[in-house]
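Heavy-atom basis, side chains included; hydrogens, waters and symmetry copies ignored. Given the structure is predicted, the values throughout are model-derived calculations rather than measurements. A note on names: the letters A, B, ... follow the listed sequences, proteins ahead of strands, and every chain is numbered from 1.
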There are 2 protein chains.
Amino acid sequence: MRNAEFDREHVLRAAMHAFMNKGYAKTSMQDLTKATGLHPGSIYCAFDNKRGLLLAALDQYQQDRTTELQGFFSGKGPVLSQLKNYLDSIVGECLLTGVPQACLLTKALSEIASQDEEIQAMITANLSGWQQALTDKFSLAQANGELSSQRDSAHLGRFFVMGIYGLRTFAQTSPEPAILQQLADQLFQDVCA
Amino acid sequence: MRNAEFDREHVLRAAMHAFMNKGYAKTSMQDLTKATGLHPGSIYCAFDNKRGLLLAALDQYQQDRTTELQGFFSGKGPVLSQLKNYLDSIVGECLLTGVPQACLLTKALSEIASQDEEIQAMITANLSGWQQALTDKFSLAQANGELSSQRDSAHLGRFFVMGIYGLRTFAQTSPEPAILQQLADQLFQDVCA
DNA sequence: CTCTTTCTTGAATATACGTTCAAGATACGC
DNA sequence: GCGTATCTTGAACGTATATTCAAGAAAGAG
């Protein structure tokens, strides 16, 4: 008997960043061996192939993002300000330099969804889980009386998610802090008023 | 003397669709020769290389989209309903089947922007031209008294564009007509009210 | 300590890709 | 109708790629 030597989460985060930097197709196995520190044989042993590594990386990404989101809603204040903090943090993320700013899920969706049903299904499931988590926050805000119960929380969740998709794409065209913040503020206002 | 035999626009539209289907990296020269009907030598003679073909296709895409947009605003009715028609047509486009629904500009931006400054610059310029065209329509609506002059037309243009980015991404995750239309309606209402 | 199982290593393999180029075909000028 | 300039053709080239595999290293069992 003998256990694997590498740290799976560490490896997957490295692969995540490689895929976010160059996209799936342009990221070569050589890039991946350099990024992860693993040799080709080890990658193929642990993840079958390049595609399997992407699937595992997508899964890790979703886990990381889920715990990150939960962090914003673990406190005791009003849900709506937690939501605003969350949105503002996304604006901040879009403005980081030297780090891939795009969301791995939407990036992979745009690149490969139409060519691989399984990957498409996985990404869609992950994004829709995220959307549901946000929808639940709107429902909670309604239950707390912070938001009119007249509104459809599912619709608010969808519109909020759509806005974040748009914000991230917009940030790729002109990453100006003041403008992105203004767009985020408007989005939040339209959703919560 | 002898003139080229192929129709440049026809070839570029074929290349456009090929790139929209598979993305830049995954579209092979073999795909492109099949799609365009041109032999490798002809492509390299006319466009230098695969990258040059993409640049030319991006240019053609922008031209096609510009004339398409102008068509929505050539009539005499209120600008705001023309804008609504334009937005609705995008919803319709997202729901087409068998045809690539994504915007070539944003798709290419997501795939290659971080790796090629010239392509990034071209895409950014094209998208910002589109944004400006829409901003001009908001200004026109204000001049016509259809829209409060209190509002910042540049901001409205940006928010509208952001919404369309988001709508297109959302459509890739769940292309349900009623939901997309509801999102578009909300976007239009938030922008115009 | 030794054996055996499992993991690691990285060179080797086959394939697919972007690109080139020399030969052949075609249209225009004279 | 001929000559020439230009375009077209598609096979050939070198490279880069994803993947495999057999040899070597390491860890646990007895």
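- Taking atom CD on B:Gln30 and atom P on D:dG10, their separation rounds to 14 Å, with Å as the unit.
- A:Asp190 and A:Gln186 form a side-chain donor-acceptor contact under 3.5 Å, judged by distance and modelled atom types alone.
- With no hydrogens or angles considered, a side-chain donor-acceptor pair links A:Asp88 and A:Gln181 at under 3.5 Å.
- Using modelled atom types and a 3.5 Å distance limit, the side chains of B:Gln120 and B:Asp116 yield no donor-acceptor pair.
- Of all the residues in residues 36-49 of chain B, B:Pro40, B:Gly41, B:Tyr44, B:Asn49 reach under 4.0 Å from DNA chain C with at least one non-hydrogen atom.
- Remark: B:Thr27, B:Ser28 in residues 9-28 of chain B come within less than 4.0 Å of DNA chain C through at least one heavy atom.
- Between A:Arg168 and A:Glu93, at least one side-chain nitrogen of the basic residue sits less than 4.0 Å from a carboxylate oxygen of the acidic one, meeting the salt-bridge criterion.
- A:Tyr61 pairs with exactly one of A:Thr66, A:Ile123, A:Leu105, A:Asn126 by the side chain to side chain contact (heavy atoms under 4.5 Å, CB included) rule, that one being A:Leu105.
- Inter-residue side-chain proximity for B:Leu55 and B:Phe47 is flagged as unmet; no heavy-atom pair is nearer than 4.5 Å.
- Whole-Å rounding puts the A:Asp31 CG to D:dT19 P distance at 14 Å.
- Atom CE in A:Met29 sits about 19 Å away from atom P in C:dT15, given to the nearest Å.
- In this structure, a donor-acceptor pair under 3.5 Å is absent between the side chains of B:Gln60 and B:Arg8.
- In this structure, NZ of A:Lys50 is placed 4 Å from P of D:dA18, rounded to the nearest angstrom.
- For the residue pair A:Ser28 / A:Asp31, a side-chain donor-acceptor distance below 3.5 Å is found, with atom types taken as modelled.
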